[in-house]
Amino acid sequence: WMAARGEALTITGRLARWAELVLVVPASAHRLAAMAHGLADDLAGCVLLATRAPVLAAPAMNPAMWEHPATQASIATLRGRGVGDLGPAE
């Protein structure tokens with residue numbers, strides 16, 4: 001809305017508009033959960049919510065964390081929103 005009103009974009013807005021692809025590397029269980037819940041409490045979260053670019057996450061965690069139902073729910077939510085992931089081969 002700021003750009004529509006002719007105001008300067010924040011650094012978040014600039015990064016979000018500049019990116020052609022947003023890579024989330026490493027994507028911890030915490031980052032995946034934050035993304036799935038739409039949390040924007042840091043620069044990465046703000047850019048992820050503001051970008052129109054494709055997003056690709058590379059999960060990085062131990063197998064037990066990856067297999068946990070909470071992590072799998074986060075991944076399912078993100079996949080449903082079009083976020084790509086480089087998870088382990090199934």
Side-chain angles (χ1 to χ4, degrees):
W1 63 272
M2 290 175 57
R5 293 186 0 202
E7 297 176 24
L9 290 173
T10 63
I11 186 68
T12 303
R14 288 184 199 143
L15 288 171
R17 291 180 69 180
W18 173 77
E20 294 181 29
L21 172 68
V22 177
L23 299 174
V24 182
V25 180
S28 65
H30 179 86
R31 176 57 63 194
L32 294 172
M35 290 169 63
H37 288 283
L39 300 181
D41 58 352
D42 59 12
L43 180 62
C46 291
V47 170
L48 286 163
L49 282 183
T51 192
R52 300 287 190 259
V55 176
L56 181 61
M61 63 199 75
N62 70 48
M65 292 174 70
W66 173 253
E67 294 165 1
H68 194 281
T71 303
Q72 290 304 303
S74 294
I75 286 290
T77 296
L78 293 170
R79 286 176 178 162
R81 293 181 188 156
V83 174
D85 71 271
L86 302 170
E90 303 205 12

Q: Output all residues satisfying side chain to side chain contact (heavy atoms under 4.5 Å, CB included) with H30, sequence neighbours left out; order by chain, then residue number.
A: S28

Q: Is any side-chain heavy atom of V83 less than 4.5 Å from a side-chain heavy atom of D85?
A: no

Q: Testing the basics here: between A57 and A27, what is the closest heavy-atom pair and its distance to 0.1 Å?
A: CB-CB, 4.0 Å

Q: Output every pair passing salt bridge (Lys or Arg N to Asp or Glu O under 4.0 Å) with a member in residues 18-28, not counting sequence neighbours, ordered by first then second residue.
A: none

Q: Between L21 and V24, is there a shared hydrophobic cluster once you connect ILVMFWY residues whose side-chain heavy atoms come closer than 4.5 Å?
A: no

Q: For A36, does its backbone N or O pair with a side-chain atom of S74 as donor and acceptor, under 3.5 Å?
A: no

Q: Which residue is it: I75, L78, T77? I am looking for the one with a side chain to side chain contact (heavy atoms under 4.5 Å, CB included) to M35.
A: L78

Q: Under the rule for side chain to side chain contact (heavy atoms under 4.5 Å, CB included), what residues qualify as partners of A73, not counting sequence neighbours?
A: none

Q: Can you give me the closest heavy-atom contact between C46 and A40, atom names plus distance?
A: SG-O, 3.5 Å

Q: Only counting residues at least two apart or in another chain, list the ones meeting side chain to side chain contact (heavy atoms under 4.5 Å, CB included) with L86.
A: L56, A58

Q: Just by distance, do the side chain of H37 and the backbone of L39 share a donor-acceptor pair under 3.5 Å?
A: no

Q: Looking only at heavy atoms, which two atoms of M65 and T71 are closest? And how far apart?
A: O-OG1, 2.9 Å

Q: List in chain and number order the residues that pass side chain to side chain contact (heavy atoms under 4.5 Å, CB included) with A44, two or more places apart in sequence or in another chain; answer none if no residue qualifies.
A: R31, D42

Q: Taking side-chain hydrogen bond (donor to acceptor under 3.5 Å, both in side chains) as the cut-off, I'd like each qualifying pair that reaches into residues 44-65, sequence neighbours left out, listed once.
A: none

Q: Looking only at non-hydrogen atoms, find the nearest pair between L49 and G38 and report the distance.
A: CD1-O, 3.3 Å

